[in-house]
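Since the model is a prediction, treat every value here as computed from it, not as a measurement. Chain A is the first sequence line, chain B the second, and so forth, proteins listed ahead of strands; every chain is numbered from 1.
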Amino acid sequence: MITIELENFDLEQICNSGQCFRMKKISENRYAVHAADKYLEIEQEKTLVTFHCEETEFLFFWISYFDLDADYGRYIKAINPRDQYLNRAAETGNGIRILRQDLWEMIVSFLISQQNNIVRIRRCIENICTRFGEEKTTWDGRTYYAFPKPEALAMASEEELRDCNLGYRAKYVAGTARAVAAGEISLEEISSMRYKKAKEQLLTLYGVGEKVADCICLFALHHLEAFPIDTHIRQALDAHYKRGFPNRRYKGMQGVMQQYIFYYELTQKK
DNA sequence: CAACAGGGGACAC
DNA sequence: GTGTCCCCTGTT
């Protein structure tokens with residue numbers, strides 16, 4: 001168990017920022033996180049955050065996962081003081097972190113996300129984990145399921161994937177899983193590529209388009225210059241940035257700004 | 001019951 | 001780059 005003090009860190013904001021689909025609130029101030037094959041419970045009391053895991057796992061996995069070494073105050077300070085909209089957005093989402101999630105998990109998650117709502121996306125992912133993921137045990141003896149490996153999903157039939165509620169997205173997951181399992185594309189190589197190259201490779205996958213590729217680049221590969229444009233962001237850009245988003249000013253941190261905007265739009269609609 | 005929207009993408013032209 | 005289809009499920 002590790003307790004540390006953190007600035008610009010808010011579990012509720014991270015959970016609702018739409019980048020991770022396997023994090024959920026389990027009680028007041030306490031969240032459960034599934035990531036790749038790991039499980040963590042985490043608590044927050046104002047700036048005091050407690051990770052319920054061993055120190056080695058905290059050091060070698062969760063620090064990177066939650067981007068704890070980064071200074072998000074620096075991103076917020078970089079915002080144009082005259083941009084009222086972005087300042088409001090960043091104020092609302094000032095505890096958001098861009099997570100470093102598993103590449104394969106993000107590929108499948110965002111394949112499933114297309115033309116889909118968040119509640120159902122979560123259910124779909126839970127379904128494929130339960131059905132095709134490796135069985136694991138928490139420190140206190142409870143069973144959970146890891147995210148299924150490419151090989152496991154490559155062996156699944158399209159119909160089995162449809163049974164997991166994927167709908168027409170089943171063929172995308174099946175096709176992409178087979179391509180990865182067959183070695184037609186190397187996740188390891190993509191991990192070491194720069195943004196432009198990585199995105200280009202991801203676009204060759206069946207079912208991966210512009211928006212999904214950018215989500216994968218941002219939420220798995222931590223390419224902060226990726227700026228995924230979905231329907232919500234599109235509306236926000238049309239309303240507040242008629243001359244386009246100031247990419248030059250926010251060079252290398254557009255993805256962080258995208259998250260502030262996305263989260264802000266989501267909270268406004270409730 | 002019908003209509004519709006929900007974090008798009010493939011494919012043809 | 002534009003249009004059309006995909007044909008999913010939950011909500012209204």
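Rounded to whole Å, atom P of dG9(B) lies 16 Å from atom CG of Leu166(A). Between His232(A) atom NE2 and dA5(B) atom P there is a gap of 13 Å when expressed in whole angstrom units. Following rounding to the nearest Å, Ile125(A) (CD1) and dC8(C) (C1') show an atom-to-atom distance of 16 Å. Note: CG (Asn116(A)) to P (dG10(C)) measures 10 Å, nearest angstrom. Residue Arg122(A) contributes atom CZ, which lies 16 Å from atom P of dG10(C) at whole-angstrom precision. In this structure, Glu159(A) atom CD and dC7(C) atom P are separated by 14 Å, rounded to whole Å. Put simply, NZ on Lys211(A) is 17 Å from C1' on dA10(B), counting in whole angstrom units. Between the C1' atom of dG9(B) and the CD1 atom of Ile229(A) lies a distance of 16 Å, rounded to the nearest Å.
With salt bridges taken as basic N to acidic carboxylate O contacts below 4.0 Å, one links Arg131(A) and Glu160(A). Using a 4.0 Å cut-off between a side-chain N of Lys or Arg and a carboxylate O of Asp or Glu, Arg123(A) and Glu126(A) do not qualify as a salt bridge.
With dC7(C), dG10(C), dA10(B) as the choices, the nucleotide that has an atom nearest any side-chain atom of Lys171(A) turns out to be dC7(C).
Among the protein residues, Asn117(A) comes within range of the sugar-phosphate backbone only, with heavy atoms under 4.0 Å from sugar or phosphate atoms but none that close to a base. Across all strands shown, Val208(A) has heavy atoms under 4.0 Å from sugar-phosphate atoms exclusively, and none from any base. At a threshold of 4.0 angstrom between heavy atoms, the contacts of Leu205(A) are confined to the sugar-phosphate backbone, with no base atom among them. Using a 4.0 Å heavy-atom criterion, one finds that Gln235(A) contacts no nucleic acid atom at all. Counting non-hydrogen atoms under 4.0 angstrom, Ile118(A) reaches a base of the nucleic acid. Among the protein residues, Arg162(A) comes within range of the sugar-phosphate backbone only, with heavy atoms under 4.0 Å from sugar or phosphate atoms but none that close to a base.
Across dG9(B) and dG10(C), the matching P atoms stand 22 Å from one another, rounded to whole Å.
When the side-chain nitrogen and oxygen atoms of Gln115(A) are compared with OP1 and OP2 of dG8(B), one or more of them lie within a distance under 4.0 Å. OP1 or OP2 of dG10(C) lies within a sub-4.0 Å distance of a side-chain N or O belonging to Arg123(A). Side-chain nitrogen and oxygen atoms of Thr231(A) include at least one within less than 4.0 Å of the OP1 or OP2 phosphate oxygen of dG8(B).
Along DNA chain B, the nucleotide nearest Leu203(A) and the nucleotide nearest Cys215(A) are compared for position; the residue whose nucleotide lies closer to the 5' end is Cys215(A).
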Between protein and nucleotides 11-13 of chain B, what N or O pairs are separated by less than 3.5 Å?
none

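Of the possible polar contacts, one joining the Tyr72(A) side chain to the Ile98(A) backbone as a donor-acceptor pair under 3.5 Å is found.
For Tyr168(A) against dG9(B), no side-chain N or O and base N or O form a donor-acceptor pair under 3.5 Å.
Partner of Asp214(A) under the side chain to side chain donor-acceptor pair (under 3.5 Å) criterion, chosen from Lys199(A), Gln254(A), Gln258(A): Lys199(A).
A donor atom on one side chain and an acceptor atom on the other are not found under 3.5 Å apart for Asp102(A) and Tyr65(A). There is no side-chain donor-acceptor pair under 3.5 Å between Glu159(A) and Ser157(A).
dC7(C) makes up no base pair with any nucleotide shown, lacking Watson-Crick or G-U wobble contacts both under 3.5 Å.
Within 6.0 Å of the CZ atom in Arg88(A), the count of heavy atoms belonging to other residues, nucleotides or ligands exceeds 12. Within a 6.0 Å radius of CD in Glu91(A), other residues, nucleotides and ligands contribute 12 heavy atoms or fewer.
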